[in-house]
Amino acid sequence: MTAPKHFRDRVEIASVRAETESLDNGAAAAAKRRVAGRVLGRRDMGKLVFLDLVDRSGRIQLLCHTAKTGEVDVHLGDIVGAAGSPSKSKRGEPSVDVDAIEILARIRTPLPDTFHGVTDTEARYRRRYLDLLMNEESRRDAILRARMVTAIRGYLDAEGFIEVETPILQPRYGGGFAEPFVTRSNLLDQDLYLRIADELYLKRLIVGGLEKVYELSKDFRNESYSYKHSPEFTQVEWYEAYADYTDTMARCETLVDQVARATIGGTRTTFRGHELDLAKPWARVKFVDALEEHGVWSRDEEELRAKLAGAGVDISKDRTWGQLVDHAYAHFVEPGLIQPTIVYDWPIELSPFARTTDYDASVVERFEAVVAGMEFANAFSELNDSEEQEQRFAAQADEREAGDAEAEPGDPDYVEAMAYGMAPNSGIGIGIDRLAMVLLGRDAIRDVILFPLLREKG
RNA sequence: GGGCCGGUAGCUCAGUCGGUAGAGCAGGGGACUUUUAAUCCCAAGGUCGCAGGUUCGAUCCCUGCCCGGCCCA
């Protein structure tokens with residue numbers, strides 16, 4: 001006998017469960033319902049067999065009287081379909097009083113311990129399917145992440161943004177400070193890079209007149225894992241013509257506020273031991289003021305070096321003023337920003353794509369959004385003057401020369417595009433994985449990535 | 001990259017002052033008409049991460065390596 005190829009007209013278990021609510025203990029409704037899912041519990045009384053059936057929506061008990069159903073040849077982990085009436089057991093457990101049950105897919109490898117599930121971290125990452133099928137919390141997280149992404153799309157679509165797709169394989173990489181993955185095209189006989197950001201292509205679309213664009217993208221950075229870093233991660237980036245970074249601040253707050261409500265029903269969450277409230281508006285602090293507060297701000301490289309060394313920071317690997325100030329920010333400021341905070345107006349050295357402020361040519365209109373000491377968004381008033389962009393790339397080349405391997409490599413083709421005229425615009429990148437971590441209260445980025453990259457098991 | 005912790009049955013874990021290992025659940029066989037981590041009986045299940053070393057003897061002690069976690073850089 002071959003296994004069935006379909007089981008039609010099924011309803012979700014949660015809806016059948018709801019139907020049982022008004023029933024008395026031991027009673028069954030007249031209605032007939034079809035449910036399907038995986039058997040994760042079996043209590044065999046001989047002529048009466050209790051099964052626990054689980055689908056994406058929930059769990060319900062199946063009452064199988066063998067007089068009606070025949071022998072219940074069902075093992076833990078089998079995928080079955082059952083037809084019967086919503087009912088309550090004598091003890092009041094929501095159930096389906098089964099008329100007929102059929103095996104839709106047989107389990108061949110025994111299920112893990114149905115009480116403890118799979119708890120070994122490595123096993124959960126390597127065999128996520130087991131984690132998902134055993135652990136309701138893992139299923140919930142996967143579903144909520146999807147709901148979060150849907151809410152992000154919904155917001156941007158409703159605001160008139162166009163979702164676009166730009167290259168993952170790029171002849172040049174750029175738009176962030178990171179080491180790329182390098183690959184090779186046989187056709188072109190040249191090296192290609194997996195994108196580290198979408199920025200430069202999306203802004204070409206601003207030149208092209210698409211005005212408001214966004215992309216939900218997998219980006220790749222050839223670096224090690226941490227609780228907030230994954231070599232393969234997801235961002236949403238958007239760019240909006242005729243807007244500056246203050247407009248983008250407001251959008252970022254609004255989007256996160258709305259997305260949180262759509263995903264977890266509110267703006268409060270617990271993440272890494274912190275009680276957080278993502279409701280807008282968020283705190284704002286100027287980059288320079290924040291560093292000054294900790295006594296680690298100076299425009300002079302040697303003075304800054306001395307201040308950091310005096311504060312006990314290991315600055316032996318910092319070759320440039322830019323690296324020093326970045327280190328100072330990461331060490332003294334970022335970890336202390338717990339509630340959502342917008343850190344704005346950054347040094348020009350750290351921001352080759354942002355326009356300068358009106359009050360200081362060495363400071364640019366850039367902000368990062370931080371929560372629980374973790375950056376989750378980065379935005380600018382985008383530089384739209386091709387000649388200035390060329391100079392910024394040159395300055396980055398100097399940084400690179402001075403020993404900063406992650407400095408922007410430059411992109412003449414992008415400069416050429418900008419020379420055709422780019423509307424003033426502002427853009428942002430928001431870390432989807434990090435936002436998911438915060439909303440779901442998961443402490444590690446690997447807990448919100450279904451199949452995190454791991455070393456091959458030896 | 002550094003420090004600490006871990007890897008024993010399919011899963012969750014125990015254990016061996018160094019003498020070739022146990023439990024619960026799952027899987028196999030059987031009993032049971034209201035259970036819900038059901039219960040009861042029977043049988044079975046292992047390269048103790050890998051490789052060396054010490055030893056009469058190593059899963060246990062030592063060294064190296066592999067894989068993972070946490071913290072730090």
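Proteins get letters first, then strands, A, B, ... in listed order; numbering begins at 1 in each.
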Could you state the [atom1]-[atom2] distance from [X] to [N], rounded to the nearest angstrom?
X      : N     : atom1 : atom2 : answer
A/F115 : B/U39 : CZ    : P     : 11 Å
A/L76  : B/G10 : CG    : C1'   : 13 Å
A/R455 : B/C66 : CZ    : C1'   : 10 Å
A/K88  : B/U36 : NZ    : C1'   : 15 Å
A/L453 : B/C67 : CG    : C1'   : 14 Å
A/K317 : B/C72 : NZ    : C1'   : 11 Å
A/D131 : B/U12 : CG    : P     : 11 Å
A/L111 : B/G28 : CG    : C1'   : 16 Å

**Item:** Qualifying ring pair (Phe, Tyr, Trp, His ring centres under 6.0 Å) pairs, either residue in residues 89-139 of chain A, two or more places apart
**Value:** none
**Message:** Need the glycosidic conformation of B/U20: syn if within 90° of 0, anti if not. Which one?
**Reply:**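 Classified syn.
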**Within 6.0 angstrom of A/K32 NZ, more than 12 heavy atoms from elsewhere** =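 Buried by this count: over 12 neighbours within 6.0 Å.
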**Item:** Residue A/D24 excluded, over 12 heavy atoms near CG under 6.0 Å
**Value:**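 12 or below, so no.
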**Message:** What's the closest nucleotide to the side chain of A/A444 if the choices are B/C70, B/U36, B/C11?
**Reply:**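 Looking only at side-chain atoms, A/A444 lies closest to B/C70.
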**Prompt:** Side chain of A/T119: nearest nucleotide among B/U12, B/U36, B/C71?
**Reply:** B/U12
**Under-4.0 Å side-chain N/O to phosphate OP1/OP2 contact, A/H116 with B/A26** =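 A/H116 to B/A26 OP1/OP2: no side-chain N or O under 4.0 Å.
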**Request:** Respond yes when some side-chain nitrogen or oxygen of A/R126 is under 4.0 Å from OP1 or OP2 of B/G7, and no when none is.
**Result:** no
Applying a 3.5 Å limit to both distances, which nucleotide forms a Watson-Crick or G-U wobble pair with [N]?
N     : result
B/C70 : B/G3
B/A51 : B/U63
B/C56 : B/G19
B/U39 : B/A31
B/G45 : none

**Request:** Measure the OG1-NZ distance between A/T66 and A/K47 for me, rounded to the nearest 0.5 Å.
**Result:**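 One finds 6.5 Å between OG1 of A/T66 and NZ of A/K47.
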**Message:** Once rounded to the nearest 0.5 Å, what's the spacing between atom CG of A/L383 and atom CZ of A/R355?
**Reply:**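 So the CG of A/L383 and the CZ of A/R355 are separated by 7.5 Å.
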**Prompt:** Is there any side-chain hydrogen bond (donor to acceptor under 3.5 Å, both in side chains) pair reaching into residues 311-321 of chain A, and which pairs are they, with sequence neighbours excluded?
**Reply:** A/D314-A/S316, A/D318-A/H327, A/T320-A/E399
**Item:** Listed once per pair and sorted, the side-chain hydrogen bond (donor to acceptor under 3.5 Å, both in side chains) pairs that draw on residues 50-64 of chain A, sequence neighbours left out
**Value:**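 Counting only pairs at least two positions apart or across chains, the side-chain hydrogen bond (donor to acceptor under 3.5 Å, both in side chains) contacts touching residues 50-64 of chain A are A/R43-A/D52, A/R43-A/Q61, A/D52-A/R59, A/D55-A/S57, A/Q61-A/S95.
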Look at all strands and tell whether [X] reaches a base, only sugar-phosphate, or nothing, counting heavy atoms closer than 4.0 Å.
X      : answer
A/Y227 : nothing
A/R106 : nothing
A/T114 : sugar-phosphate
A/L130 : nothing

**Item:** Which residues share a salt bridge (charged side-chain N to carboxylate O under 4.0 Å, His left out) with A/R147, sequence neighbours left out
**Value:**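 Scan of A/R147 (salt bridge (charged side-chain N to carboxylate O under 4.0 Å, His left out), adjacent residues dropped) gives none.
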**Asked** What residues, two or more places apart in sequence or in another chain, satisfy salt bridge (charged side-chain N to carboxylate O under 4.0 Å, His left out) together with A/R392?
**Response** A/E388
**Prompt:** Going by number, which of residues 50-69 of chain A have a non-hydrogen atom under 4.0 Å from RNA chain B?
**Reply:**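 Contacting residues: A/F50, A/Q61, A/H65.
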**Request:** Using heavy atoms and a sub-4.0 Å distance, could you list which residues of residues 19-47 of chain A are near RNA chain B? By number, please.
**Result:** A/R43, A/D44, A/M45, A/G46, A/K47
**N/O donor-acceptor pair, side chain A/D113 with base B/G10, under 3.5 angstrom** = no
Please report the distance separating the [atom1] of [N] from the corresponding atom of [M], rounded so that it comes out in whole Å.
N     : M     : atom1 : value
B/A26 : B/G45 : C1'   : 11 Å
B/A43 : B/G24 : P     : 13 Å
B/A37 : B/G1  : P     : 47 Å
B/C50 : B/G7  : C1'   : 11 Å
B/U8  : B/U16 : C1'   : 11 Å
B/G19 : B/G15 : C1'   : 15 Å
B/G27 : B/G68 : P     : 31 Å
B/G2  : B/A44 : C1'   : 47 Å

**Message:** Can you list everything that forms a side-chain contact (heavy atoms from CB on, under 4.5 Å) with A/V288? Sequence neighbours excluded, please.
**Reply:**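 A/V288: side-chain contact (heavy atoms from CB on, under 4.5 Å) contacts with A/E292, A/W297.
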**Prompt:** If each of A/L48 and A/P112 is mapped to the nucleotide of RNA chain B with the nearest heavy atom, which maps nearer the 5' terminus, i.e. the 5' end?
**Reply:** A/P112
**Request:** Would you mind telling me which residue lines up with the more 5' stretch of RNA chain B, A/S89 or A/Y125, judged by nearest nucleotide?
**Result:**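 Taking each residue's closest nucleotide, the earlier one in sequence belongs to A/S89.
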**Fill in**
With sequence neighbours left out, the residues meeting ring pair (Phe, Tyr, Trp, His ring centres under 6.0 Å) with A/F271 are none
**Message:** Restricting to non-hydrogen atoms, name the atom on A/L169 and the atom on A/T183 that form the minimum distance, rounded to 0.1 Å.
**Reply:**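 Where A/L169 meets A/T183 most closely, the heavy atoms are CD2-CG2, 3.7 Å.
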